Number of protein chains: 2
Amino acid sequence: MTETFRTELMRGSLDLMILSVLAEGEKYGYLIQQSLRESSNGRADPKAGTLYPLLQRLETDKLIRSRWESETGRRRKWYNLTAKGKKKLQSQAQEWFELSACLNKLLEPVVQISPEPA
Amino acid sequence: MTETFRTELMRGSLDLMILSVLAEGEKYGYLIQQSLRESSNGRADPKAGTLYPLLQRLETDKLIRSRWESETGRRRKWYNLTAKGKKKLQSQAQEWFELSACLNKLLEPVVQISPEPA
DNA sequence: AGGTATGTATCGGGAGTCTATATATAGGTA
DNA sequence: TACCTATATATAGACTCCCGATACATACCT
């Protein structure tokens, strides 16, 4: 298995990743963590000490909302994108694509061509 | 003119950008700043208080080396990639492409198609 | 003489991720 | 029973990195 992405590299896009995962539907923290880990093939794996403060921050900014669910076995806090959160996801994605294009252009002349694994 | 990229979005890739700019050839701090600003159409524009400590950090890590040049008018500190720095540029670029692919896959189902400006 | 651009550098503050720790419950096993 | 692991959320302190403010110095223009 490959390593996880460096912390400093992840920093820029972690909010965007969480918002993307939540766009798939309502999820609780631990499930968000699992979803992201799986969809990134283990490369993106924020720790609990990162994730929960991040979710609190997103909720403070009203990008997500939460509800407690304790009926069915475990105590879980389910999160959902707000309308504001959906807009934010769109604009952050747009900004990320632009950064991506910018960096691709910068890297184009300097990267070595390496053979793709068959 | 469009806005600069958000600080938090930039954080992950600023080192990589500086290394890329230096791959074009020997440059001094102020010139690195200008090069990056121009090649990013003004979207990436790290401040002096960011750039100079960053360059010191890269030099401490032996990814770049420097020499003072005071003969021709202004006092300038010219920076160059080391062999280690070139390797780092390759590996960080590789990692960035992988993160990029990961995020593209995540965003694919959630982003709206917006018409390209003609 | 004064203002702007060039050029490098440090300091304090703020934001965000890490590790470590705390708490609690469900399920499996010795 | 007792223990261990996975599940589930949360906080505290340490650390890194970027920013704005500030400092200093020189070249050029008006």
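Every heavy atom of this structure was used, including side-chain atoms; hydrogens, water molecules and symmetry mates were not. All values reported here derive from a predicted model rather than from experimental measurement. Throughout, a chain's letter reflects where its sequence line sits, starting with A, and its residues are numbered from 1.
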Can you measure [X] atom [atom1] to [N] atom [atom2] for me and round it to whole angstrom units?
X: B:Leu55; N: C:dT10; atom1: CG; atom2: P; answer: 12 Å
X: A:Tyr30; N: C:dT23; atom1: OH; atom2: P; answer: 20 Å
X: B:Gln34; N: C:dT8; atom1: CD; atom2: P; answer: 10 Å
X: A:Arg11; N: D:dC19; atom1: CZ; atom2: P; answer: 12 Å
X: A:Leu54; N: D:dT11; atom1: CG; atom2: C1'; answer: 15 Å
X: B:Leu14; N: D:dT16; atom1: CG; atom2: P; answer: 17 Å
X: A:Asp45; N: C:dC18; atom1: CG; atom2: P; answer: 9 Å
X: A:Met10; N: C:dA15; atom1: CE; atom2: C1'; answer: 17 Å

So does [X] get a side-chain nitrogen or oxygen closer than 4.0 Å to the phosphate oxygens (OP1/OP2) of [N]?
X: B:Gln33; N: C:dT6; result: no
X: B:Gln56; N: C:dT8; result: no
X: A:Lys77; N: D:dA10; result: yes
X: A:Arg57; N: C:dT17; result: yes

Between C:dA9, D:dT11, C:dA15, which one does the side chain of B:Ala48 approach most closely?
-> C:dA9
Side chain of B:Arg74 only, please: which of D:dC17, C:dC18, D:dA27 is the nearest?
-> D:dA27
Describe the nucleic acid contact of [X] in one word from base, sugar-phosphate, nothing, applying a heavy-atom distance below 4.0 Å.
X: A:Thr50; result: base
X: A:Trp68; result: sugar-phosphate
X: A:Gly29; result: sugar-phosphate

Side-chain donor-acceptor pair under 3.5 Å between A:Gln94 and A:Gln90, yes or no?
-> no
Neighbour count >12 (heavy atoms, 6.0 Å) for atom NZ, B:Lys88 | no
Does atom NZ of A:Lys86 have more than 12 heavy-atom neighbours, drawn from other residues, nucleotides or ligands, at distances under 6.0 Å?
-> no
Which class fits the ring pair B:Trp96 and A:Trp96: parallel under 30°, tilted 30 to 60°, perpendicular over 60°?
-> parallel
Would a 4.5 Å heavy-atom cut-off, applied to side chains only, mark A:Leu81 and A:Leu63 as touching?
-> no
